[in-house]
Amino acid sequence: MSGSSFVNSSSQIILIPPLANGKARNGAADNEGFIGQDEDFDRASSGPHGHDEEEWLLEQEREETVSTGGFTWPTVKAKVRNGCTFTAWRRRLPISYWLPKYSLRDFRGDLVAGLTVGLTVVPQGLAYAAIAQVPLEYGLYSAFMGCFMYTLFGTAKDITLGPTAVLSLMTAASFPKGASAIDKAHYAVLLSFFTGIAQLILGIFNLGFLINFISAPVISGFTTASAFIILYGQIKTLTGLKFDADTVIDFSVGYVKTIKSINGWDTLMGIICLGILLLMKDLALPKKPMWNIKKKTWNIYREVVRTICVTRYALVIIVATAVGYYVTIKGYKGLSITENVKGGIPKIGPPEFVWANRTNVASNIMAFAGSIPMVVLVGALESIAVAKAFGFQFQYRIDPTQELIALGLSNVLCSFFHGYPVTGSFTRSALKAQSGVRTPLGCTWTGAFVLLAMAVISPAFKYVPKAALSAVIMAAILILFEFKIFKDLWLINKKELVPILVTIIVAFTVSVDMGILSGIGVSMLLLLYPIARPTIIAHFKQSLYSLRPRHPTTGKRTIHVDVTPQGAVFFPAAEYLRDFFQDNILAKSYNEAALLSERPGASPVMLQISEIDEQIVFNGIHLTDSDYTTLRSLRSVVMSCLKANRKIRFVNTEPSVLKIVLPKEMQAKMDKGSLAQSAASPGMGVSTIQDPNCETIQLSESTAEKMAHISRNAVDAAAAIGSTFSFKTTEEMVDMEDDVNFEKQKEFKFSV
């Protein structure tokens, strides 16, 4: 390692940074900067053989600077050049990396995990199709093609693509009011197609960073609101009620009006299924054997119980379907059955842009086009968030750009098999991870199981009770509720409660897509407000002087104003910066008389101010990052200071910035020799304007180095004449080498 030495002692790594002369640091004061125990440090600092007289000699030193961010022409060319290499193209097909290393152990793990998830995705696919208000078989059509595509293009081994509760709800919200069942089915397929195209474009052009503008509170509010709307809406199916509703208010009105029409058999079936699912969720046997059972036998029992737990959705649907079949065969009335479910594998073909009496392509697309951006963002966000969560848990890297490409291709291909939009499912991905999946090939086994179920047992789907599907939905979405974030935001940042509450309220009263859109809007306002109204600190220091004892009532007032923006100022705040100077600095008047009452042992004296010395110091350390509009506004501030006969001085300001900030007449007075010195010696460049109203100084050294350099030169000069040197600082600084502390607005004197 460059510039460092490493000593491995007691299985610990100790980092010893050398000084400029190559010697290792010693002493207890430096122990805080090292990794390891004290005894390890002592051994390391005493030389390689433990002798104090030996010293480390610097043999080689390298420095490296790594930067990120920014948008420059060289970085654009580098990205384009790197994107055209063979390695970059190979990264677009991740299966080429892990398939050559595939083993029998990987095969067993993927097979078990894939089939286990398949037992869950079949009943959930049927249930989520009901949320999306499309034929139930569309849920299965959406559950297999995404799995196949993700095996080829995905980067996370644990992800399972397919229909989800949130995306199903957004699909239903995208349909225009009054659309028939046939229209909704076609709209859902077209929505999947255009969603995939948009996600594919985002991935190809590496625009996935746009998703990062959706904050965590907005996401949490959206998922919580969606989960509640789904849960609240499924009470209708669970109890056998029939009415149309879209929002929480509509559902509440419908429940009040139809409460007398509750179907007892549906309610009984739904409550039993929901209760069994909730009880089986945490069903498990302890690791330690009980009842004198052998450990090997006990482990078999534990595995059986675990299998029952992870396949609980399939088991409940199988039993409920058997009950529905028996009731239908016997001719009993009362239990609501799905009935119309098309069996078999779907026919492949491009999505239909015209159908039946809908012959206008543009009109058909515009009917749901407004929902495409939200479906794209939510689908991409949900899938990438799930992938990152499992990548962090199992220590493998996720490529968000590649995830967008995989998701886009999956949605496009789903539309060719009559599927609606899909994304990564957290519950099924968690089940897949717990089942021991080893590679993305586990998705292939899940998709194959779904195809097998459609080809073999699809005729039985028409006997599934609707209440049982509602129970599956209600049990599956409980994981989406997140209430802890409210407590965290209350303790950490209360203002972030605003976007989460706005998201929930609008989702409840209007729609889920408008809810997340409103939340994003409020969140962006909170993000942009500090840019439009940045923090600017102005520190005022006034001093009064008198001419005692000759003129005890004659006074002089000095005003020192330090103005420091706490970050870069951009054009939305340009007018705000100018008003800040005008209202808080230039508008102040200091001509009034002053009452001096702090003289020890003397009565208060009214000083008549005969002279005022005011100086404004602007710290331009952040002006380099500011834009042109801000600098022009600051130029008008300088002109206002000159008109008001106020001195203004700039510190830590680049010469290129000063050329814009200062008026032309001041630029002409700048000392060209000093500017040349600043360019030749970046450590101590000074540029001044010989003007009584304005003095501009630019220092390009770090603050600590700058003040340390000034203090040393001043002390040396004072020592030459045997006098006392004093100086004032405008911010807190520390000279790390000499341990000299400089505090804000303090005056230090060095006597030599």
Side-chain angles (χ1 to χ4, degrees), residues 118-147 161-175 179-189 191-192 230 233-234 236-238 240 242 244 266 269-270 273 277 313-314 316-325 327-328 335-347 414-415 417-422 425 428 446-447 449-477:
L119 290 171
T120 302
V121 73
V122 170
Q124 285 190 351
L126 295 172
Y128 291 154
I131 299 177
Q133 300 178 14
V134 296
L136 298 188
E137 63 270 14
Y138 276 50
L140 299 180
Y141 296 165
S142 306
F144 68 90
M145 200 59 214
C147 294
L161 293 189
T164 63
V166 174
L167 218 56
S168 298
L169 181 64
M170 296 197 69
T171 300
S174 68
F175 301 147
S180 63
I182 297 177
D183 293 341
K184 290 180 179 179
H186 284 86
Y187 287 144
V189 174
L191 181 63
S192 178
I230 294 171
Q234 288 304 308
K236 179 185 71 170
T237 308
L238 190 76
K242 297 181 179 179
D244 294 328
D266 285 344
M269 171 64 76
C273 292
L277 289 172
Y313 295 109
V316 167
I317 291 297
I318 290 173
V319 175
T321 302
V323 173
Y325 175 77
V327 169
T328 304
L335 190 63
S336 301
I337 307 298
T338 54
E339 296 179 355
N340 298 322
V341 179
K342 186 178 179 181
I345 299 176
K347 295 181 180 180
C414 274
S415 67
F417 290 88
H418 307 283
Y420 66 91
V422 300
S425 169
R428 295 195 294 271
T446 300
F449 183 86
V450 174
L451 284 175
L452 180 64
M454 288 191 297
V456 177
I457 64 175
S458 58
F461 293 155
K462 63 182 179 181
Y463 299 110
V464 179
K466 293 182 179 179
L469 291 177
S470 294
V472 169
I473 295 172
M474 297 172 75
I477 66 170

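- Interatomic distance, OG of S425 versus CD of Q124, reported as 6.0 Å (0.5 Å rounding).
- To the nearest 0.5 Å, atoms CG (L191) and SG (C414) are separated by 12.0 Å.
- Taking D183 as the reference, R358 meet the salt bridge (charged side-chain N to carboxylate O under 4.0 Å, His left out) condition, with sequence neighbours excluded.
- Minimum heavy-atom separation, G139 to P163: O-CG, 3.6 Å.
- No donor-acceptor pair closer than 3.5 Å links the side chain of H418 to the backbone N or O of V189.
- When atom types are taken as modelled, the side chain of D266 and the backbone of L238 share no donor-acceptor pair closer than 3.5 angstrom.
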Side-chain donor-acceptor pairs of residues 127-134 under 3.5 Å, sequence neighbours excluded:
{"residue": "Q133", "atom": "OE1", "partner": "K184", "partner atom": "NZ", "Å": "2.8"}

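- Residues forming a ring-ring contact (aromatic ring centres under 6.0 Å, His included) with F144 (at least two apart in sequence, or on another chain): F417.
- For Y138, the ring-ring contact (aromatic ring centres under 6.0 Å, His included) partners two or more places apart in sequence, or in a different chain, are Y141.
- Judged by distance alone, the side chains of Y420 and S415 never bring a donor and an acceptor atom under 3.5 Å apart.
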Side-chain donor-acceptor pairs under 3.5 Å in residues 454-474, sequence neighbours left out?
{"residue": "S458", "atom": "OG", "partner": "G344", "partner atom": "N", "Å": "3.1"}
{"residue": "S458", "atom": "OG", "partner": "M454", "partner atom": "O", "Å": "2.6"}
{"residue": "S470", "atom": "OG", "partner": "Q234", "partner atom": "OE1", "Å": "2.9"}
{"residue": "S470", "atom": "OG", "partner": "K466", "partner atom": "O", "Å": "3.4"}

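- Remark: T171 pairs with no residue by the side chain to side chain donor-acceptor pair (under 3.5 Å) rule, at least two apart or across chains.
- Contact between L136 and L126 at its shortest, heavy atoms only, is CD2-O, 3.3 Å.
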